[in-house]
Number of protein chains: 2
Amino acid sequence: MNNVQEESLRDQKKYRRRLQILEIARGIISAKGLRSLKVRDVAEAAGCSVGSVYNEFGDFDGVILTVNRETVQALTARLRGVPAEDPVRQLYGLADTYLDFFAGHANLLRSLFEHRMEDDRPYPDDILQMVMDAFALMHPPLVRLLPDADDVKIALLSRTLFSAVHGIISLGLEERMVAVPPQMLRQQIEQFVDTHLRGLGILPVGARLP
Amino acid sequence: MNNVQEESLRDQKKYRRRLQILEIARGIISAKGLRSLKVRDVAEAAGCSVGSVYNEFGDFDGVILTVNRETVQALTARLRGVPAEDPVRQLYGLADTYLDFFAGHANLLRSLFEHRMEDDRPYPDDILQMVMDAFALMHPPLVRLLPDADDVKIALLSRTLFSAVHGIISLGLEERMVAVPPQMLRQQIEQFVDTHLRGLGILPVGARLP
DNA sequence: GTTCTAAAATGAACAATGTTCAAGAAGAAT
DNA sequence: ATTCTTCTTGAACATTGTTCATTTTAGAAC
């Protein structure tokens, strides 16, 4: 038995169109926000009928969720690329990289965190799991820095710290909240992480990094 | 000239209905989420026509924004009620109170933070200002604890710290993010604030509050 | 009290948008 | 080439936000 699936012409077209629909949807969300995403716009831009979008994704939420899934995958890839030699620098790097990614794809991240399902249908588990996994990326460096601490507590600390960074960034980047000038955000994030590491006893209180 | 406006029967009815519409809308958002709010449901529950809703609020966003405005007002009132004798306890109290309020009105808070306007119309300034003012409530206790620090920096710190707490809570309360068991959230928040105050040199590193 | 007027309420009609499905088109199997 | 399966289509439908000509009603004028 041959496990290599032969790719039929039909499958090729289907797959190409799937990618095209996703690319168009992502472009619209990214440029004008989730609320501006309309089935007919996507279908027209992809050169197909609205029925085909439904045929491929089940319903419109399916398109959004697939875009969101790819967003968290791209985010995770970026976060995994942060150098891990120095655990302290890794923590700063994770926060900075998250800021970069959020600033560069604000509407995509908002779609990921703010989209609500119709009725009370549950949000897909795999996406939630991926977000949680991304927020757990502070775990390894924290374990190295706090070798005596309980692993469960470190896991909690990782998510807490990352959630805190997320809160600072997501509110700080709301252009509507004039509160935090974006150019100061990076410095602000670094100082926040800095203070927290001092509080954890990882950095000395009252001293500064070289 | 008499400044006391006589309240006409017309105005009374108008005002009563306005309150009724808001109460119904708030109830629906609170119970089933912003996405389940429909003009016709509100109108029917209020015993009036859809036109009356539009007559009173301009458009449907107007209803949502008014509910959001009242949400942030209620939140601010609760936060202002936190005792201010001990600045450290005040900071803990603000975080805890925010957690309480968020846990008790999760869907209302989500409506406040996640609602996006149609097209690119700006979010009303007064609501943004009120949110910022609420997040600035950590300013006075921080000033007392860090009397030598620059006032502008304290203002920034206040918003940063509150945004961090917001991030931890809003992600932690997502029932969908199984990550953080809600019952642990309070303890988690307290530990987070604790660690940060140590990092700021306000509390001694390595010691615990009585 | 009657009449007049301005404001508000109404709800049917419209517009925008998500969803479905019967019929047709296109690829695969023989 | 014929048949069969699957996908595609787009018109029709369903839901929901929005408008507006008409009707109703509260208040004013007499």
Side-chain angles (χ1 to χ4, degrees), chain A residues 2 4-22 24-25 28-29 32-68 111 115-121, chain B residues 2 4-22 24-25 27-29 31-68 111 115-121:
Chain A
N2 187 357
V4 177
Q5 280 292 347
E6 182 183 3
E7 189 169 79
S8 64
L9 173 59
R10 184 172 274 168
D11 289 344
Q12 286 178 38
K13 287 177 64 175
K14 194 177 158 86
Y15 186 63
R16 248 199 300 273
R17 173 135 77 202
R18 181 185 174 87
L19 294 189
Q20 195 183 12
I21 290 173
L22 288 175
I24 289 162
I28 293 174
I29 294 175
K32 304 196 295 178
L34 181 56
R35 234 188 128 163
S36 299
L37 189 68
K38 314 285 151 129
V39 212
R40 285 169 177 76
D41 292 347
V42 173
E44 187 179 14
C48 69
S49 66
V50 294
S52 293
V53 178
Y54 277 81
N55 187 48
E56 183 63 31
F57 293 96
D59 60 6
F60 204 46
D61 268 0
V63 181
I64 298 167
L65 292 175
T66 306
V67 170
N68 288 352
S111 170
H115 178 60
R116 304 280 156 188
M117 307 288 286
E118 194 74 54
D119 302 316
D120 289 332
R121 280 189 303 179
Chain B
N2 189 356
V4 177
Q5 280 292 348
E6 181 182 2
E7 188 168 82
S8 64
L9 174 58
R10 185 173 273 169
D11 289 344
Q12 286 178 40
K13 284 178 65 176
K14 195 177 157 85
Y15 186 64
R16 247 198 300 272
R17 173 131 78 200
R18 181 184 173 87
L19 293 189
Q20 195 182 12
I21 289 173
L22 288 175
I24 288 162
I28 293 174
I29 295 176
K32 304 195 297 177
L34 182 55
R35 236 189 123 161
S36 298
L37 188 68
K38 314 286 150 132
V39 213
R40 284 169 177 76
D41 292 347
V42 173
E44 187 181 12
C48 69
S49 66
V50 293
S52 293
V53 178
Y54 278 80
N55 186 46
E56 183 64 30
F57 292 96
D59 58 8
F60 204 48
D61 268 0
V63 180
I64 298 168
L65 292 174
T66 306
V67 170
N68 287 351
S111 170
H115 178 59
R116 306 280 156 188
M117 306 287 286
E118 194 74 54
D119 302 317
D120 289 332
R121 280 188 304 179

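All of these numbers come straight from a predicted model, not from anything done at the bench. Sequence lines set the chain letters: A, B, ... in the order given, protein chains first and strands last, and positions in each chain run from 1.
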Tell me: [atom1] of [X] to [atom2] of [N], nearest whole Å?
X: B/K32; N: D/dT16; atom1: NZ; atom2: C1'; result: 14 Å
X: A/I21; N: C/dG18; atom1: CD1; atom2: P; result: 14 Å
X: A/E44; N: D/dT9; atom1: CD; atom2: P; result: 13 Å
X: B/D61; N: D/dT16; atom1: CG; atom2: C1'; result: 14 Å
X: B/K38; N: C/dT17; atom1: NZ; atom2: C1'; result: 12 Å
X: B/D59; N: D/dT19; atom1: CG; atom2: C1'; result: 12 Å
X: B/R121; N: D/dG17; atom1: CZ; atom2: P; result: 14 Å
X: B/I64; N: D/dT16; atom1: CD1; atom2: C1'; result: 12 Å

Distance (rounded to the nearest 0.5 Å) between A/R17 CZ and A/I24 CD1:
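Nearest 0.5 Å value for the CZ-CD1 distance: 10.5 Å.
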
Once you round to the nearest 0.5 Å, how far does CG of B/D59 lie from CD1 of B/I64?
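Interatomic distance, B/D59 CG to B/I64 CD1, rounded to 0.5 Å: 8.5 Å.
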
Show the distances under 3.5 angstrom between N or O atoms of the protein and N or O atoms of nucleotides 9-15 of chain C.
from	atom 1	to	atom 2	distance (Å)
C/dA9	OP1	B/R17	NH2	2.9
C/dA9	OP2	B/N55	ND2	2.9
C/dA9	O5'	B/R17	NH2	3.0
C/dT10	OP2	B/S49	N	3.0
C/dT10	OP2	B/S49	OG	3.3
C/dT10	OP2	B/S52	OG	2.8

Quiz: residues 34-43 of chain B side-chain donor-acceptor pairs under 3.5 angstrom, not counting sequence neighbours:
from	atom 1	to	atom 2	distance (Å)
B/R35	NE	A/E118	OE1	3.4
B/R35	NH1	A/R116	O	2.5
B/R35	NH2	A/E118	OE1	2.8
B/S36	OG	B/K32	O	3.1

Between B/I21 and B/F57, is there a side-chain heavy-atom distance shorter than 4.5 Å?
yes

For residues 46-54 of chain A, dump all side-chain donor-acceptor pairs below 3.5 Å to protein atoms at least two apart in sequence or in another chain.
from	atom 1	to	atom 2	distance (Å)
A/S49	OG	A/S52	N	3.4
A/S49	OG	A/S52	OG	3.4

Using a heavy-atom cut-off of under 4.0 Å over every strand shown, decide if A/Y54 touches base, sugar-phosphate, or nothing.
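Touches a base.
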
Tell me whether A/E56 is salt-bridged to A/K14, with the criterion being a basic N under 4.0 Å from an acidic carboxylate O.
yes

